[in-house]
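Right, one structure below, let's go through it.
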Amino acid sequence: MGSLFQLLGLSLWVFIFSYSSITVVSLNVGGAGNGEGTVFVDGKASIGRIDDDFVCATLDWWPPEKCDYGTCSWGRASLLNLDLNNTVFLNAIKAFSALKLRLGGSLQDKVIYQAEGHQQPCQSFIKDNTEMFGFTQGCLPMSRWDELNNFFRKSGAVVIFGLNALNGRVIKSDGSAVGPWNSTNAESLIRYTVNKGYAIHGWELGNELSGSGVGARVAADQYASDVISLQSIVQDIYRCSEFKPLVVAPGGFFDAQWYKELVDKTQKSVDIITHHIYNLGPGVDAHLIDKILDPSYLDGEAQTFRSLQNILKGAATSATAWVGEAGGAYNSGHNLVTNAFVFSFWYLDQLGMASAYDTKTYCRQTLIGGNYGLLNTTTYLPNPDYYSALLWHQLMGRNVLSTSFSGTKKIRAYAHCAKQSKGITLLLINLDGNTTVQVHVTTNETAALNGTRRLQHKHKFPKTKFIRIPQHCRSSGITREEYHLTAKDGNIQSQTMLLNGNILTVNSSGDIPPLEPINVNPSEPITVAPFSIVFTHIPNIDVPACM
């Protein structure tokens, strides 16, 4: 079989015929405003495997008086005062079937539980600038715990509860918390929960007490001892239960030496190792958008994922990694950035990167609350990232595929086996606001392609056979599905997201809109518009990792 070369403007296309198949590969970049690129997906084996309910979100304790930089962005989004009767809120969680919810945050280590044996009055948090995090100790009434669990049952949420790990310790002036964890109050809460028949997927010990800590810190050897105690408590209380919740720790910022010591000393006592991510810095930073749109800056977080993955691989443990909390910009985020369209560039890139390093679950700070909620704190209506999360959940399967992009550095590319369907799902993120990129997909083939020739040119594509696009697909009705996400009016700080040109919004009944694709001829390149995100389900690609 021969080859046909055709020059189109400044773009060179190569058509390679092999039996009844054709490969389309871009060799160079087009003119101003237009570009070409090639995604290579290595489908021989998966490089990671995520949980089916990989997408997770947090609910926090912050009361309305929580303010940052003169802005009070939390409203009534606390676990203690959320409106559990809001229809949109319920539907937003139910749409995931199921959504993991991690209950916790800075104030969790100042929460006591009104369970059996608790004699003090059950008071809410009170603003006090002399206290750690600016609030006094707070209390969770069991009546509220009942209301929350009834809501979780109705919504189908999968719950991870963050326990108070500072109870019983003495906090010194340098922030070190010394002494063992007093587990009595936590044990009472767990027993109450089991007696009520409430389903808890995991119990997490502490929040941001690892390494140098935030507010306070606990030494790794002491933390390991406390985790072992928690595991013993869980095994005892759930001894008659078929299901035993996960023991999760430490819910803090990654410190390699601290984490390694914890993992080494809790080999059979911890199920999940969690870490937090706020790699964009403070919410007040005026350069947040610049960081989000900078590929080199985004790449910087890979080292944390890689380091934790290596610690777990090198230890005699079956524990796996989660991102337990990630809001990008700390101190409640930044209005019209972390709750706007532009933040989906950071968020989806994080989901893709975390998956590639075998992270099983990724918890977004927050589901609601602050300026980084998936839902608007006042109206409960979805912000753009909610729809990004839902699309990921619906389209990206468990097996993660090694993916690389040849072309502009402004395209971020990730691929998974498709979820509950054949083929693969490709995620493309265009960080360039001026260039439309025509993207072509190549992968290894499972079947031998006798007579197929390799391309030889100045671009270094992986040494593999290229994907075949059968000619009969062009007339047989086989299509690929595409989901193009853009900002309203092209304004990346808009809080309105468009899917294939249509505004995404709930209806008058509070129903989450269906996320419907457009169907495209599979022989056509994928068009990725400036400042856009594209999910593409390609059903006619069969790779070993997805079979």
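Throughout, residue positions are numbered sequentially from 1 according to the sequence presented. Because the structure is a prediction, the values reported are computed rather than measured.
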Does the side chain of [X] pick up a donor-acceptor pair with the side chain of [Y] at under 3.5 Å?
{"X": "Asn150", "Y": "Asp146", "value": "no"}
{"X": "Lys66", "Y": "Ser332", "value": "no"}
{"X": "Asn164", "Y": "Trp181", "value": "no"}
{"X": "Glu325", "Y": "Tyr278", "value": "yes"}
{"X": "Asn331", "Y": "Tyr69", "value": "yes"}
{"X": "Gln365", "Y": "Asp60", "value": "yes"}
{"X": "Ser210", "Y": "Asp255", "value": "no"}
{"X": "Gln257", "Y": "Glu261", "value": "no"}
{"X": "Tyr357", "Y": "Asn310", "value": "no"}
{"X": "Trp145", "Y": "Thr193", "value": "yes"}

message: So that I can tick it off, tell me whether Lys44 and Asp42 are bridged by a salt bridge, with the cut-off set at under 4.0 angstrom between side-chain N and carboxylate O.
response: yes

Heavy-atom distance under 4.5 Å between the side chains of [X] and [Y], does that happen here?
{"X": "Met132", "Y": "Leu166", "answer": "yes"}
{"X": "Thr366", "Y": "Leu59", "answer": "no"}
{"X": "Cys363", "Y": "Thr58", "answer": "yes"}

query: Should the heavy atoms of other residues, nucleotides or ligands under 6.0 Å from CZ of Arg306 be counted, would the total exceed 12?
result: yes

- request: Could you please spell out the steps behind the ring-ring contact (aromatic ring centres under 6.0 Å, His included) verdict for Phe535 and His416?
  value: CA-CA 11 Å; Phe535 285 91; His416 288 217; 9.9 Å; no

field: Donor-acceptor contact present, side-chain Glu187 to main-chain Ile233, <3.5 Å
entry: no

message: Would the distance check show the side chain of Gln493 and the main-chain N or O of Leu336 forming a donor-acceptor pair, the cut-off being under 3.5 Å?
response: yes

